[in-house]
There are 2 protein chains.
Amino acid sequence: MKFEKLAEVLKTVAHEKRLRILVLLEEFDGNICVCELVDALNTPQYQVSQHLRELRGKDLVRGNRDGTWVYYSINPDLPRDLRQLIDGLLEHLDREDYSREIEKLEKRLEMREDGKCVVGYDESDE
Amino acid sequence: MKFEKLAEVLKTVAHEKRLRILVLLEEFDGNICVCELVDALNTPQYQVSQHLRELRGKDLVRGNRDGTWVYYSINPDLPRDLRQLIDGLLEHLDREDYSREIEKLEKRLEMREDGKCVVGYDESDE
DNA sequence: AGGTCGTATGCATTTATGTACATATAGCTA
DNA sequence: TAGCTATATGTACATAAATGCATACGACCT
């Protein structure tokens with residue numbers, strides 16, 4: 001990989017929230033909708049959307065609309081080396097540091113019907 | 001590693017020149033002086049110093065003064081996981097993309113006497 | 001059509017980063 | 001001491017990134 005490319009990817013990824021988004025997408029093998037991320041990360045919807053836009057802009061992530069909802073995954077067509085890079089980075093994260101988010105997301109996923117999200121995000125700050 | 005820490009390190013490293021500096025330090029196992037880096041990277045002295053300062057500020061790199069010269073290495077006391085992270089990143093770089101710098105640095109190192117740098121940097125843009 | 005809900009975007013403000021240049025500091029040598 | 005060389009730093013400016021908020025869009029439902 002070229003220096004510029006590596007620097008660009010690292011810059012994109014070098015943000016706490018974006019790392020958290022990626023780690024969740026990876027952990028659950030993607031197909032997570034925005035409202036589920038909003039709840040799991042306890043972060044305002046517009047922020048999550050913005051971070052997703054940046055990740056999308058660099059092709060790291062991909063959204064699939066299904067009706068009102070948009071489901072995100074790590075871009076499955078990511079070149080092998082890029083994917084390995086991302087995976088390698090995420091491995092360095094302490095699992096305990098996001099286990100709570102995992103739990104929350106699990107609970108949200110249990111609420112799905114026919115594999116689809118049926119609720120929105122919670123506007124309160126819990 | 002915590003999210004904040006990982007994000008911080010990635011941000012520091014997410015710059016072409018800083019990646020180039022790190023890759024050279026790693027390749028030659030450190031102990032490279034600033035003027036040698038300046039020549040190998042063909043980059044103004046003040047820039048190299050500034051990038052080194054940033055890397056130093058995050059403890060990724062370390063300078064040892066010997067008289068007029070300062071020799072830099074990747075911080076040998078870096079925690080294991082951090083070192084692995086850096087190494088992992090650098091592995092993704094195309095070698096051909098910095099082989100020229102390696103050659104230049106090799107030539108500079110050949111000019112050393114008693115293992116010490118005896119010349120300065122070249123102010124011309126070659 | 002109108003209302004509602006999930007998602008995306010635009011704008012304004014702040015904050016950080018990159019870049020260039022001049023100059024300071026530290027250590028050498030005469 | 002003065003003068004030189006290698007390295008470091010301060011300042012100023014431009015550019016980019018983060019943040020917050022309001023609102024737009026798009027798909028659904030009645």
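Letters A, B, ... are given to chains in the order of the sequence lines, protein chains preceding strands, and every chain is numbered from 1.
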Give the rounded distance in Å between these two atoms: CD1 of Ile32(A) and P of dT7(C). 12 Å
Can you tell me the distance, in whole Å, between the CG atom of Leu52(A) and the P atom of dG6(C)? 16 Å
Rounded to whole Å, the CG-C1' distance (Asp39(B) to dT5(D)) equals 14 Å
Starting at OH of Tyr121(A) and ending at C1' of dT7(C), how long is that distance when rounded to a whole Å? 7 Å
Residues in ring-ring contact (aromatic ring centres under 6.0 Å, His included) with Tyr98(A), at least two apart? Phe3(B)
Starting at the 5' end of DNA chain C and moving along, which residue's nearest nucleotide shows up first, Gln45(A) or Lys11(A)? Gln45(A)
Any side-chain N or O of Arg56(B) under 4.0 Å from OP1/OP2 of dT9(D)? yes
Reckon His15(B) has a side-chain N or O less than 4.0 Å from the OP1 or OP2 of dA16(C)? no
Tell me what Val119(A) touches on the nucleic acid: a base, only sugar-phosphate, or nothing, going by heavy atoms under 4.0 Å. sugar-phosphate
Test side chain to side chain donor-acceptor pair (under 3.5 Å) applied to His51(B) and Arg20(B), Arg56(B), Arg18(B), the passing residue: Arg18(B)
For a quick check of understanding: with a heavy-atom distance under 4.0 Å over all strands, which category does Cys117(A) fall into, base, sugar-phosphate or nothing? nothing
Should Arg18(B) be listed as having a side-chain N or O under 4.0 Å from OP1 or OP2 of dG18(C)? yes
Once you apply a heavy-atom cut-off of 4.0 Å, does Gln47(B) come out as touching a base, just sugar-phosphate, or nothing? sugar-phosphate
Given dA8(D), is OP1 or OP2 found less than 4.0 Å from the side-chain N or O atoms of Ser49(B)? yes
Please confirm whether any donor atom in the side chain of Gln50(B) sits under 3.5 Å from an acceptor in the base of dA8(D), or the reverse. no
Counting only side-chain N and O atoms of Tyr46(A), is one of them less than 4.0 Å from OP1 or OP2 of dC25(D)? no
Arg53(A) side chain near dT7(C) phosphate (N/O to OP1/OP2, under 4.0 Å): no
When we call it a touch if two heavy atoms are under 4.0 Å apart, what does Tyr72(A) touch: a base, just sugar-phosphate, or nothing? sugar-phosphate
Nearest-Å distance, CD1 (Ile21(B)) to C1' (dG18(C))? 14 Å
Of the listed nucleotides dG6(C), dA8(D), dA18(D), the one nearest the side chain of Glu54(A): dA18(D)
Starting at atom CG of Asp122(B), determine the distance to atom P of dA6(D), rounded to an integer number of angstrom. 11 Å
Please state how far atom NZ in Lys17(A) lies from atom C1' in dA17(D), giving the value in whole angstrom units. 16 Å
Would Glu103(A) and Ser99(A) count as a side-chain hydrogen bond (donor to acceptor under 3.5 Å, both in side chains) if you check the C-alpha gap in whole Å, the side-chain angles of each, and the deciding distance to 0.1 Å? CA-CA 6 Å; Glu103(A) 281 173 36; Ser99(A) 57; 4.9 Å; no
Is it the case that Arg65(B) and Tyr71(B) place a side-chain donor and acceptor less than 3.5 Å from each other? no
Comparing Ala14(A) with Asp66(A), nearest DNA chain D nucleotide closer to 5' gives the residue Ala14(A)
Kindly check if the number of other-residue, nucleotide or ligand heavy atoms within 6.0 Å of NZ (Lys11(A)) is above 12? no
May I have the distance from Glu16(A) (atom CD) to dA18(D) (atom C1'), rounded to whole angstrom? 13 Å
Quick check: are there more than 12 heavy atoms from other residues, nucleotides or ligands sitting under 6.0 Å from CG of Asp29(B)? no
